[in-house]
Undergrad: 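One structure follows; several queries about it will come next.
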There are 2 protein chains.
Amino acid sequence: MLKLTKKIDYALMAINFMSFKGESVANTRNIAEIYNIPLELLAKVLQRLAKKGFIVSQNGPKGGYTLAKDPNVITLGELIRAIEGPIQIVHCTEGDTSCLQTARCTIRSPLRKIEHKIVDFLDNVTIDQICSEEVPEELAV
Amino acid sequence: MLKLTKKIDYALMAINFMSFKGESVANTRNIAEIYNIPLELLAKVLQRLAKKGFIVSQNGPKGGYTLAKDPNVITLGELIRAIEGPIQIVHCTEGDTSCLQTARCTIRSPLRKIEHKIVDFLDNVTIDQICSEEVPEELAV
DNA sequence: TAATCGGCGATCATTAAGGTCGGATATATA
DNA sequence: TATATATCCGACCTTAATGATCGCCGATTA
């Protein structure tokens with residue numbers, strides 16, 4: 001209920017890590033080991049982030065990822081959409097006919113307004129607000 | 001991802017219905033039929049609402065439920081908590097040791113702040129803001 | 001050219017949500 | 001007082017989303 005996914009968590013940790021690596025590349029294995037994240041799953045998340053232009057990939061040995069954007073211009077809303085698709089508090093989409101309650105449902109549009117406000121809020125939270133804070137010494141190397 | 005559950009939807013519809021019934025009781029079967037909601041599931045939701053004091057149950061034939069509180073003093077946050085338990089955007093709770101990322105995780109507490117803001121928002125949305133609006137003629141009988 | 005990286009699709013496992021079933025208790029009314 | 005109609009309650013099954021895994025490919029650099 002209203003939970004963020006693990007993928008989002010992993011993405012945030014990875015970006016957090018990269019922001020401390022600065023210019024130098026960070027590879028998937030490294031991040032996975034440090035944070036104890038399943039390698040393959042993290043790999044997918046990072047590939048997604050790369051595809052969406054949040055990070056840049058460097059192929060081959062000594063390869064990995066570097067941040068393409070400053071964490072203070074990436075919003076949590078953007079990140080969520082990049083990884084999970086559009087944010088929907090309500091189940092049914094606009095032209096949805098599959099919902100059995102559609103006929104008599106009067107709560108949908110008011111809930112949409114609430115949804116919109118939450119999305120709006122998430123679009124105004126930047127990633128550096130979530131990352132920066134404190135970082136374990138070992139990571140700052 | 002960040003979705004409300006069907007139970008919440010059903011609860012809102014039921015409360016909406018009851019608020020138009022006013023003093024007269026509304027029974028589960030009736031509501032289920034009108035909105036096309038699985039009877040047993042709706043029954044559970046209503047029992048929960050009764051237990052939490054949002055509605056009052058009347059047993060036996062001609063029984064059913066009536067609102068115990070005005071929709072304008074019930075908040076969406078309260079309703080969600082009554083049915084689904086505490087709202088958690090983040091996975092792990094305070095003393096949680098099961099999360100594998102705990103050791104190096106620095107994003108948890110910032111996310112908690114975000115969670116708190118969302119909960120705060122939901123605690124300021126009253127049910128009548130979601131219900132009232134328009135109601136199909138047939139229901140206003 | 002071998003070892004190390006990312007890229008990608010398919011697939012399995014786990015869990016939470018959605019829904020069902022059976023039987024209990026209460027109570028109006030015939 | 002019998003019966004039909006309600007709420008009550010717990011156990012259970014089903015489905016769908018998330019989380020995780022596997023295998024193979026292409027790119028790149030030492």
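Heavy-atom basis, side chains included; hydrogens, waters and symmetry copies ignored.
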Undergrad: Report yes if a side-chain nitrogen or oxygen of A:Thr28 is closer than 4.0 Å to either non-bridging phosphate oxygen (OP1 or OP2) of C:dG6; otherwise report no.
TA: yes
Undergrad: Just the rounded figure in Å: distance from P of D:dA6 to CG of B:Leu42.
TA: 14 Å
Undergrad: Before you tell me yes or no, could you show the steps for A:Glu84 and A:Thr5 under side chain to side chain donor-acceptor pair (under 3.5 Å), namely the whole-Å CA-CA distance, both residues' side-chain angles and the distance that decides it to 0.1 Å?
TA: CA-CA 9 Å; A:Glu84 305 288 349; A:Thr5 62; 2.5 Å; yes
Undergrad: Rounding to a whole Å, what distance do you find between A:Lys62:NZ and D:dT29:P?
TA: 12 Å
Undergrad: For every nucleotide of nucleotides 12-27 of chain C, 5' to 3': is a protein heavy atom under 4.0 Å from its base (B), only from its sugar-phosphate (S), or from neither (-)?
TA: -----SSBBB----BB
Undergrad: Would you say that more than 12 heavy atoms from the other residues, nucleotides or ligands in this model lie under 6.0 Å from the NZ of A:Lys62, or not?
TA: no
Undergrad: Whole angstrom is fine here: how far is it from CG in A:Asn36 over to C1' in D:dG19?
TA: 15 Å
Undergrad: Rounded to whole Å, please give me the gap between CZ in B:Arg48 and P in D:dC8.
TA: 14 Å
Undergrad: Taking atom P of D:dC8 as reference, at what distance in whole Å does atom CD1 of B:Ile55 sit?
TA: 8 Å
Undergrad: How close or far is atom P of D:dT29 from atom CG of A:Asn27, stated in whole angstroms?
TA: 15 Å
Undergrad: Using atom NZ of B:Lys3 as one end and atom C1' of D:dT18 as the other, report the distance to the nearest whole Å.
TA: 12 Å
Undergrad: Can you find a side chain N or O atom of B:Arg29 that sits less than 4.0 Å from OP1 or OP2 on D:dA6?
TA: yes
Undergrad: Do other residues, nucleotides or ligands put more than 12 heavy atoms under 6.0 Å from B:Arg29 CZ?
TA: no
Undergrad: Do NZ/NE/NH1/NH2 and the carboxylate oxygens of A:Arg81 and A:Asp123 come within less than 4.0 Å?
TA: yes
Undergrad: Side-chain donor-acceptor pair under 3.5 Å between B:Asn16 and A:Thr106, yes or no?
TA: yes
Undergrad: Take atom NZ of A:Lys51 as the centre, draw a 6.0 Å sphere, and report whether it contains more than 12 heavy atoms from other residues, nucleotides or ligands.
TA: no
Undergrad: Please state how far atom CE in B:Met18 lies from atom C1' in D:dT7, giving the value in whole angstrom units.
TA: 13 Å
